[in-house]
Amino acid sequence: MATIRVRYSPAPSGELHVGSVSTALFNWLFARHRAGLGDDATFVLRIEDTDRSRTREEWIDGIQETLGWLGIDWDEGPFRQSERFERYAEAARRLVAEGRAYECFCTEDDVKARNATGTVAGRTPGYDGHCRDLDEAAREAQRAEGRTSVVRFRTPDEGASTFVDLIRGDVSVEWVNIHDFVILRSDGSPIFFLANALDDIDQAITHVIRGEDLIDTTHRVLALRRALGEAEQPVYAHLPLILAADRSKLSKRHGAVAVEEFRSRGYLPEAIINYLALMGWSPGDDAGEILSTDELAGLFELEKVTHASAVFDEKKLEWMNGEWMRRLDTAELGARIEPEVRARFGDRFNAAVFAHAVAIGQERSSTLVQLVEQMTCLFVAEDDFSIDDDAWARLVSVERVGEVLDAVTAHVDRCEWTVEGINLVGVIKDLGLKPGKVMAAVYVAIEGRAQGLPVFDAIWLIGRERALVRLRAARDRLGRDLPV
RNA sequence: GCCCCCAUCGUCUAGUGGCCCAGGACGCCGCCCUUUCAAGGCGGUAACGGGGAUUCGAACUCCCCUGGGGGCACCA
């Protein structure tokens with residue numbers, strides 16, 4: 001039995017976006033898969049809030065809320081780096097005392113200016129080692145001038161840094177390309193590298209699974225760990241990134257990227273998990289694509305993670321969401337939207353009508369939002385009932401639409417009040433018209449839109465009175481629009 | 001500019017030297033079903049970036065090029 005400890009360590013700088021959740025998911029799937037194998041696997045949640053200026057409490061709550069909604073649960077934490085500043089500062093002091101790090105008086109602008117003048121032309125820009133070898137007298141002089149300082153880590157001057165990535169193999173970089181970097185800001189707060197290295201040590205993390213955008217930072221963290229006296233190093237695995245359709249980094253300008261946004265647009269957590277798991281990983285052709293979270297955890301293997309970044313395709317997510325909506329138990333599906341529908345319609349809400357609507361809507365919608373929209377025509381007050389322009393245009397274009405509406409109205413007025421009794425197919429045929437050609441007009445008149453629930457059901461659900469009101473209103477409006 | 005990672009249909013991917021003139025899924029197109037639209041069923045379109053090398057034989061191995069992405073902060 002192996003001991004596995006992974007961590008998901010988001011920075012609370014906004015709502016969780018799909019890339020970040022993907023990282024959380026892969027860590028979680030790995031831990032749960034190993035636990036299923038009998039290993040002692042722990043998933044730790046850690047909030048990397050070292051940058052006070054970018055941290056907001058609501059983001060931290062939001063991270064937990066979103067993970068909870070998705071069903072990604074954690075065994076330890078959330079730990080917060082902001083509560084461990086003294087620990088980091090102490091470690092930095094120790095590194096300085098041991099000569100592994102040094103006090104640096106250069107400001108950001110100083111460094112930038114020196115880079116601009118070509119001091120390091122032809123090389124990776126970065127710190128030039130200006131304060132590396134200041135003696136105590138020189139440092140004292142700087143302080144006397146009132147200059148503030150940071151603590152900078154001294155990287156090796158030669159040789160290369162190499163580590164084995166579980167999904168990419170050997171990853172190596174020459175140290176000349178990695179300059180001395182800041183580990184403690186002038187205000188005493190730690191920089192990511194330090195806090196991250198120390199937390200991984202203190203929390204005994206065995207596997208670091210994160211996005212490929214962090215692959216270059218690994219060498220610095222590893223150097224820091226060794227300087228901190230840690231002999232053991234965790235296993236690293238760098239995940240492929242999720243890109244926007246234009247292959248650039250996914251960002252707000254590409255539309256929805258925050259998971260909460262997808263949530264409010266009617267996506268199910270099951271579908272989001274399923275979709276994200278299949279971005280950058282595949283269990284092989286035989287497993288199929290619609291997989292529950294448990295099934296995913298059972299099949300997950302880091303070794304099968306793909307290497308190339310993947311483009312986010314909302315079309316496929318939507319399809320997958322529809323698949324999940326149809327797989328869900330109807331009562332369960334109803335329960336997920338009932339609070340919202342109740343809130344929206346107050347005492348106009350009717351449980352029996354709602355249940356029937358969910359049952360027939362389940363088969364024909366891809367998102368919860370679509371499902372809710374389909375049933376608004378059932379609950380909306382007649383005063384608020386409206387027909388959108390596109391739908392009206394559709395109605396008007398129907399052949400002999402006036403006659404159709406008249407015949408339908410007459411039928412609805414007297415027919416037996418069951419869905420089958422309402423069946424309008426015969427009525428249309430009696431006019432010598434094809435139901436498939438003209439029924440759209442009835443949909444528009446009754447549901448206010450060209451896309452919705454089967455209209456015989458809708459008529460039955462809203463009742464004879466209201467159905468007649470809507471049909472006559474449509475007929476009246478038609479008379480005004482198309483004076484005969 | 002320097003460094004790192006990557007490279008199969010439009011997109012997500014299967015494929016680890018012969019089973020592949022490359023399979024699945026989404027999308028798209030067509031047909032069927034049909035109370036509009038959806039959903040569903042059936043069918044179709046579409047890819048191994050280029051060039052060398054190794055080999056009897058390369059999508060699969062190696063090299064170069066090209067292309068894409070990422071990194072180079074007192075962000076993480």
Side-chain angles (χ1 to χ4, degrees), chain A residues 9-13 48-51 53-54 104 106-108 111-112 115 120-127 148-152 165 168 171-174 176-179 181-187 189-193 195-196 210-219 238 240-241 243 245 247-249 275 278-286 288-290 306-320 322 326 361-366 370 374 391 394-395 398 422-425 428 435-444 447 449-457:
Chain A
S9 50
S13 54
E48 305 222 328
D49 57 346
T50 61
D51 187 346
S53 66
R54 311 217 306 190
C104 170
C106 300
T107 64
E108 228 180 317
V111 176
K112 216 173 284 174
N115 275 329
V120 289
R123 297 180 44 204
T124 301
Y127 189 64
T148 57
S149 66
V150 299
V151 175
R152 208 175 269 279
D165 188 289
R168 286 162 208 282
V171 179
S172 185
V173 182
E174 299 285 327
V176 292
N177 294 307
I178 303 177
H179 305 107
F181 56 94
V182 174
I183 55 175
L184 215 58
R185 297 187 182 89
S186 53
D187 69 357
S189 63
I191 288 294
F192 160 73
F193 304 107
N196 190 272
R210 26 121 86 146
E212 200 207 323
D213 52 338
L214 292 171
I215 197 165
D216 288 311
T217 70
T218 309
H219 303 93
H238 287 92
L241 263 24
L243 271 28
R247 302 211 73 91
S248 69
K249 206 169 178 175
Y275 180 71
L278 262 25
M279 290 229 94
W281 171 74
S282 168
D285 273 354
D286 298 338
E289 288 201 285
I290 305 301
T306 57
H307 298 186
S309 40
V311 170
F312 188 81
D313 179 11
E314 194 175 340
K315 279 272 181 46
K316 184 152 186 178
L317 204 210
E318 187 174 328
W319 163 76
M320 199 169 264
R326 273 161 244 133
Q362 176 171 27
E363 299 300 317
R364 40 190 313 110
S365 40
S366 298
Q370 286 172 17
Q374 286 182 356
R394 184 79 203 288
L395 178 148
V398 165
I422 292 166
N423 193 323
L424 297 165
V425 172
I428 302 299
K437 291 279 187 196
V438 303
M439 203 66 82
V442 185
Y443 277 82
V444 172
E447 304 187 21
R449 46 215 303 276
Q451 200 261 14
L453 300 173
V455 78
F456 309 158
D457 290 81

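Quick note: numbers below take in every heavy atom, side chains included, and nothing from hydrogens, waters or symmetry partners. Lettering follows sequence order; numbering is per chain, from 1.
Among the atoms of the strands shown, none is found under 4.0 Å from any heavy atom of A/Lys437. In this structure, A/Ser186 reaches the bases: a heavy-atom distance under 4.0 Å links it to at least one base atom across the strands shown. Within the 4.0 angstrom heavy-atom criterion, only backbone atoms of the sugar-phosphate kind lie near A/Val425; the bases stay farther away. Here A/Ser172 lies in heavy-atom contact (under 4.0 Å) with sugar-phosphate atoms only. Among the protein residues, A/Leu184 comes within range of no part of the nucleic acid, since none of its heavy atoms lies under 4.0 Å from any strand. Looking at heavy-atom distances under 4.0 Å, A/Arg54 makes contact with a base. Within 4.0 Å (heavy atoms only), A/Leu424 reaches no atom of the nucleic acid at all. Residue A/Leu453 is classed as a base contact, given a heavy-atom separation below 4.0 Å to a base. Heavy atoms of A/Arg449 sit nowhere under 4.0 angstrom from any nucleic acid atom. Residue contacts for A/Val455: at a heavy-atom cut-off of 4.0 Å it reaches a base atom on one of the strands shown. Using a 4.0 Å heavy-atom distance criterion, A/Gly452 is classed as a base contact.
Comparing A/Tyr443 and A/Val173 by the nucleotide of RNA chain B whose heavy atom lies nearest to each, the residue mapping closer to the 5' end is A/Val173. Take the nearest nucleotide of RNA chain B for A/Ala440 and for A/Tyr275: the residue whose nucleotide is more 5' is A/Tyr275.
A donor-acceptor pair shorter than 3.5 Å can be found between the side chains of A/Arg210 and A/His238.
Here A/Glu314 contributes atom CD and A/Tyr275 contributes atom OH; the two are 9.0 Å apart, rounded to the nearest 0.5 Å.
A/Leu241 places its CG atom 13 Å from the P atom of B/C12, with the value rounded to the nearest Å.
Stacking here means ring centres nearer than 5.5 Å and ring planes tilted less than 30 degrees, and by that measure A/Phe456 stacks onto B/U35.
Taking the C1' atom of each, B/G30 and B/A46 are spaced 15 Å apart, rounded to whole Å. Nucleotides B/G41 and B/G27 are separated by 12 Å at their P atoms, to the nearest Å. Across the C1' atoms, B/C20 and B/A59 are found 9 Å apart, a figure rounded to whole Å.
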All N/O contacts under 3.5 Å from nucleotides 26-29 of chain B to the protein, with atom names and distances to one decimal?
from, atom 1, to, atom 2, distance (Å)
B/C26, O2', A/Lys316, N, 3.3

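One N or O donor and one acceptor, one from the side chain of A/Asp285 and one from the base of B/G23, sit under 3.5 Å apart.
When each of B/G69, B/C5, B/U35 is scored by its nearest atom to the side-chain atoms of A/Asp457, the top-ranked nucleotide is B/U35. With B/A76, B/A38, B/G71 as the candidates, the nucleotide lying closest to the side chain of A/Arg364 is B/A38. Closest to the side chain of A/Val171, out of B/C3, B/A76, B/C4, is B/C4.
Here the shortest heavy-atom pairing between A/Gly361 and A/Gln374 reads CA-OE1, 3.7 Å. A/Pro190 and A/Leu184 get closest at one heavy-atom pair: CA-CD1, 3.7 Å.
Stacking of A/Arg152 on the aromatic ring of A/Tyr127 is recorded, both the 6.0 Å distance cut-off and the 45° axial limit being met.
For B/G68, the OP1/OP2 oxygens have no side-chain nitrogen or oxygen of A/Lys249 closer than 4.0 Å. For the pair A/Arg152 and B/C74, the criterion of a side-chain N or O lying under 4.0 Å from OP1 or OP2 is met.
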